[in-house]
Amino acid sequence: MADEVILIDGNSVLYRAFFALPLLSNDQGVHTNAVYGFTTMLLKILEEKNPENILVAFDAGKTTFRHETYKEYKGGRQKTPPELSEQFLIVRQLLDAFGIKHYELDQYEADDIIGTISKQASEQKKHTNIITGDKDLLQLADDYTTVSISKKGTSDLEEYTPATIPEKMGVSRDQLIDFKALMGDPSDNIPGVAGVGQKTAAKLLKQFDTLENIYENLEEVSGKKLKENLTNHKEDAFMSKELVTINRNSPIEISVEDIVYPGYETQKVVEIFKAYGFNSLMDRIDGEASEEPVERAEVNFQKITELNDDILGPNENIFIMELWEENYHSSDVVGFSLSNETGHYFIPTEVAFESTKFVDWLKNPEKKKIVSDSKAMKVALAWKGIEVEGITFDLLLASYIVNPQNSAHDLPGVATFYGIHDTSFDEEVYGKGAKRKLPEEDVYAEHIVRKAFVGHQLHDILQKELQENEQENLFHQLEMPLAIILGDMEHIGVRADVERLKEMKDDLDLRLQEIEKRIHELAGRAFNIDSPKQLGVVLFEDLGLPVIKKTKTGYSTAADVLEKLQHEHEIVDQILLYRQLRKLQSTYLEGLLKVVHKDTNKIHTRFNQVLTQTGRLSSVDPNLQNIPIRLEEGRKIRQAFIPSKDDWIMLAADYSQIELRVLAHISQDEKLIEAFRQGKDIHTQTASEVFNVKEDEVTSLMRRHAKAVNFGIVYGISDYGLSQSLGISRKEAGVFINTYLNSYPGVKKYMEEIVNQAKRDGYVETIMNRRRYLPEINARNFNRRSFAERTAMNSPIQGSAADVIKQAMIDVKQALENSEINANMLLQVHDELIFEVAKEDVDALKNLVTEAMENTVTLDVPLSVDASFGDTWYDAK
DNA sequence: TTCGGGCCGT
DNA sequence: GTGGGACGGCCCGAAG
């Protein structure tokens, strides 16, 4: 019905939404689930009801006039979770953005405000709809007033009118107050009459109509016990009645006329939705208006045709290099932009590279450049033979350090995150997919200039946040220098033995053909083995093998399932072999051949430095951090990674047990520290502790189990996870874990403390102050909370290990530059570094690298590095 | 073009 | 009692 008065019980709706929805949070770790739920409901109401007046009422505070009647009112209530408290502020901001009035009154509850306004409205014969999650408000229903209760805390509303209440509640509208007075309400600590519940209360009211009548005719009440209870708790009953009666004459200072709803301004709502990450709700706000472009600052810029000393004079510059492709090893340059105290400039690519002045400016370390993605810029320019210097601040990298959970790691994304809307997204300017193309120069010139324009603001913001988080060292001393080193490694590349790759591929082609033929024979028909769907039909329908596990879409044909079916049918082994070889073929042999640089036979990966939640790097195009090693067949792929020069060889140096050593250090567990100090085999040592035997009595099975437990500890253990990896029951796994934690009390204490710390601060930290925010650490959903808890345990370990090797890379690089050694650092694979080195320098390099890696940081346990070399990566083992 | 299943690494 | 190892990237087929 249009033109209704809408009255919303803010507290109740927010509470309901909070407990109904998973604990969402926006990019800054602010919880938003309740506000989100509230908003979906609000939008629905605005869409459906088109209200003329609307008010959201809130409870004012802890004490109310009801506490004068009964000081235990609402006593014993659980404290409002802090994740919810913070949302009460947000929801008020949201209402302001919508232009919706909200109101609270000292000493009164939201119910009383709503009761008073709805009384006014009814007297004016206005139709009113009350939205709440609390059935107590049903007493306000009348001929003009409908009460809507949200079901399960969602925006699903159930409407109650005086006509429908008896059916739904078992008593009439007029009896609701007496009903509650008899029953009481444990959640509000309202006593009611002891021994009287819903059924008895309804029965009594059916017979006597009102509370007063019951007491006037007490002798007619059936049941001795009940009569006794009523007599003994008469005071409770009438006090309860007083408590549950909504005050409809509260001294509010607003009236129906004051809560006229003018409609919202789209812009304001868009902003708040963006701020809290309600992207999915964007298209529900007024369609026409929401397409209005955000008002952006006017940016006047100059297109440069000739560089001069004035423009290039200043010492602080925001400098943007726009690349067309993601892969900066091969990308064209779209253009440059520059913003400094003299103005904003677009510099076309040709103008730039033909200008000696500009190239000199790039190379000049005195000319300070604040950039976005320094590694991309450095590598792209390196391919053109230019060594850019003077990069002092990488906006993307800083954004990652300050907010690793923000996945928008391009400049417009970062700007938007901070509420700056003066840039467009690349997709908006260039299009995406097949439609991606370069627009008119004016258009992309402005786009690129705008990126530089917002750089100043972002620089200020990020600098401040780095400082507040005490992450300036992490940023300036670790990540910034590392970006340069990684860029060098990527640009140098790794030489591939293309002939060897081709040989292996041809060989595999033949073998795969044979296996495929054999599988089709065994199946009795041809089908696509690469299709899990078709394979599932063959195995579980045609051949009738037992179904062990299902996936969302059908039968699971994963390796662990197939392994259990090995004895059922000959085809299973063939499929496992096929899978193994097919993986090598497609991902590694064909995959690597595709990315070998034609002229140099080198492979140039890109390390993503701003992606992982833990601080590790990742590697793409190709991923050189997952080249096979476990199975010999796959390991041979490493024979195709060779030095780039004659008489050079490959050297690999890896940290031994770095994560467990980090754990020993962080947890300060005495036994663990001692084990590493004495250079013990840690898995054997663990087995000896957990199984309570002497070290020389540890069997290989014990050691295997202990190793799995150690892994589990590092990953943030769950009994289920361990049971899966060891093929034992969950119970047995649980016993292992407990025994472990009791053997290493320091570790146990760490695990408990880190989870508490995460609950308190909302984040955990590494030894170098790298943060990970854990918004779901207090989630009520077991699953989400458990996951966050494991993450809290794991992230400081994995992340600190990542810090250590990053620092080691910087130290190694520095030591190499100070030496006469001819060598290149080529790859990082989480806990190992790969080099190529002139044969005569190999011993020197081995010493240098081992020394640098082992001493890069001082922990309370020694770090240990194993280094080995050979003619190929394969042989460096 | 996007998603899910599967599988490679630390 | 729940659902469940941590962090990634790339291949493929199938669906949109």
Side-chain angles (χ1 to χ4, degrees), chain A residues 404 432-436 527-536 549-562 575-576 578-592 594-595 605-608 611-631 633-635 637-638 654-659 663 708-726 730 733-734 737 772 779-799 801-802 805 827-832:
Chain A
K432 72 169 191 176
K435 289 184 199 146
R436 191 165 186 267
F527 68 101
N528 187 345
I529 309 168
D530 288 339
S531 160
K533 194 176 164 186
Q534 293 184 34
L535 179 62
K549 199 166 78 179
K550 289 204 147 202
T551 66
K552 274 182 234 171
T553 50
Y555 309 111
S556 168
T557 65
D560 61 325
V561 171
L562 296 185
I575 289 166
L576 284 167
Y578 177 89
R579 282 253 179 93
Q580 186 202 330
L581 300 183
R582 183 79 182 115
K583 176 84 180 179
L584 296 179
Q585 181 75 313
S586 62
T587 303
Y588 296 104
L589 297 172
E590 290 170 359
L592 288 173
K594 262 186 255 174
V595 294
T605 184
R606 282 173 293 134
F607 291 105
N608 195 335
L611 183 133
T612 71
Q613 295 300 298
T614 52
R616 276 189 177 182
L617 302 174
S618 77
S619 157
V620 289
D621 253 4
N623 180 354
L624 293 185
Q625 292 181 318
N626 73 344
I627 303 301
I629 192 166
R630 238 180 67 251
L631 301 173
E633 192 89 50
R635 189 173 197 158
I637 305 270
R638 295 178 175 227
D654 68 296
Y655 278 112
S656 154
Q657 307 292 356
I658 188 165
E659 288 175 331
L663 172 63
V709 174
N710 277 331
F711 264 88
I713 292 294
V714 166
Y715 288 155
I717 202 156
S718 76
D719 50 6
Y720 176 84
L722 184 64
S723 74
Q724 288 298 295
S725 81
L726 285 177
R730 198 160 99 185
I737 294 168
R772 180 165 189 180
R780 259 139 305 276
N781 179 306
F782 174 87
N783 217 355
R784 292 166 181 275
R785 187 178 64 246
S786 301
F787 187 75
E789 286 171 357
R790 289 202 297 277
T791 310
M793 301 184 230
N794 162 260
S795 292
I797 302 173
Q798 199 183 103
I805 193 161
L827 297 174
Q828 187 249 48
V829 192
H830 307 307
D831 66 356
E832 69 175 319

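Within every chain, numbering begins at 1; the chains are lettered A, B, ... in the order of the sequence lines, protein sequences first and strands thereafter.
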Check whether any side-chain nitrogen or oxygen of [X] sits under 4.0 Å from OP1 or OP2 of [N], and answer yes or no.
X      : N      : answer
A/R790 : C/dA6  : yes
A/T551 : B/dG5  : yes
A/T614 : C/dA6  : no
A/S531 : C/dA14 : yes
A/S556 : B/dG5  : no
A/R616 : B/dT10 : no
A/Q534 : C/dA14 : yes
A/K432 : B/dT2  : yes

Under 4.0 Å between any heavy atoms, over every strand shown, what does [X] touch: base, sugar-phosphate, or nothing? Just pick one.
X      : answer
A/I629 : sugar-phosphate
A/I627 : sugar-phosphate
A/T587 : sugar-phosphate
A/G433 : sugar-phosphate
A/T557 : sugar-phosphate
A/D621 : sugar-phosphate
A/K435 : nothing
A/Q798 : base
A/Q613 : sugar-phosphate
A/A559 : sugar-phosphate

Rounded distance in Å - [atom1] ([X]) to [atom2] ([N]):
X      : N      : atom1 : atom2 : result
A/E633 : B/dC7  : CD    : P     : 16 Å
A/Q657 : B/dT10 : CD    : C1'   : 12 Å
A/Q585 : C/dC11 : CD    : P     : 13 Å
A/L827 : B/dG9  : CG    : P     : 16 Å
A/R772 : C/dG8  : CZ    : P     : 7 Å
A/D831 : C/dA6  : CG    : C1'   : 14 Å
A/K533 : B/dG6  : NZ    : C1'   : 17 Å
A/N794 : C/dA6  : CG    : C1'   : 4 Å

- Any side-chain heavy atom of A/I805 sitting closer than 4.5 Å to one from A/H830? no
- Among A/Q534, A/K549, A/K533, A/R579, find the one that has a side-chain hydrogen bond (donor to acceptor under 3.5 Å, both in side chains) with A/T557. A/R579
- Applying side-chain hydrogen bond (donor to acceptor under 3.5 Å, both in side chains) between A/Q625 and each of A/Q828, A/R616, A/E832, report the one that passes. A/Q828
Which nucleotide, [options], lies nearest any side-chain atom of [X]?
X      : options             : answer
A/P628 : B/dC8, C/dG4, B/dC7 : B/dC8
A/T612 : C/dG4, B/dG5, C/dG8 : C/dG8
A/F787 : C/dA6, B/dG9, C/dG5 : C/dA6

Taking the side chain from [X] and the backbone from [Y], do they hold a donor-acceptor pair closer than 3.5 Å?
X      : Y      : result
A/Q798 : A/E659 : no
A/S725 : A/L722 : yes
A/N608 : A/S619 : no

Confirm from the modelled atom types if [X] and [N] form a donor-acceptor pair under 3.5 Å, side chain to base only.
X      : N      : result
A/K583 : B/dC7  : yes
A/D530 : C/dC12 : no
A/R730 : C/dG3  : yes

- Query: Measuring from A/I797:CD1 to A/L663:CG, what's the distance to the nearest 0.5 Å?
  - Reply: 4.5 Å
- Query: How many angstroms lie between CD1 in A/I637 and OH in A/Y588, if you round to the nearest 0.5 Å?
  - Reply: 8.0 Å
- For A/N626 and for A/K594, locate the closest nucleotide of DNA chain C by heavy-atom distance; then report the residue assigned to the nucleotide nearer the 5' terminus. A/N626
- Task: Could you check A/S618 against A/N528 and say which one's nearest nucleotide on DNA chain C is further toward the 5' end?
- Result: A/S618
- Query: Given the C1' atoms of B/dG9 and C/dG3, what is the spacing between them in whole Å?
  - Reply: 26 Å
- Query: Expressed as a whole number of Å, how far does the P atom of B/dT10 sit from that of C/dG4?
  - Reply: 26 Å
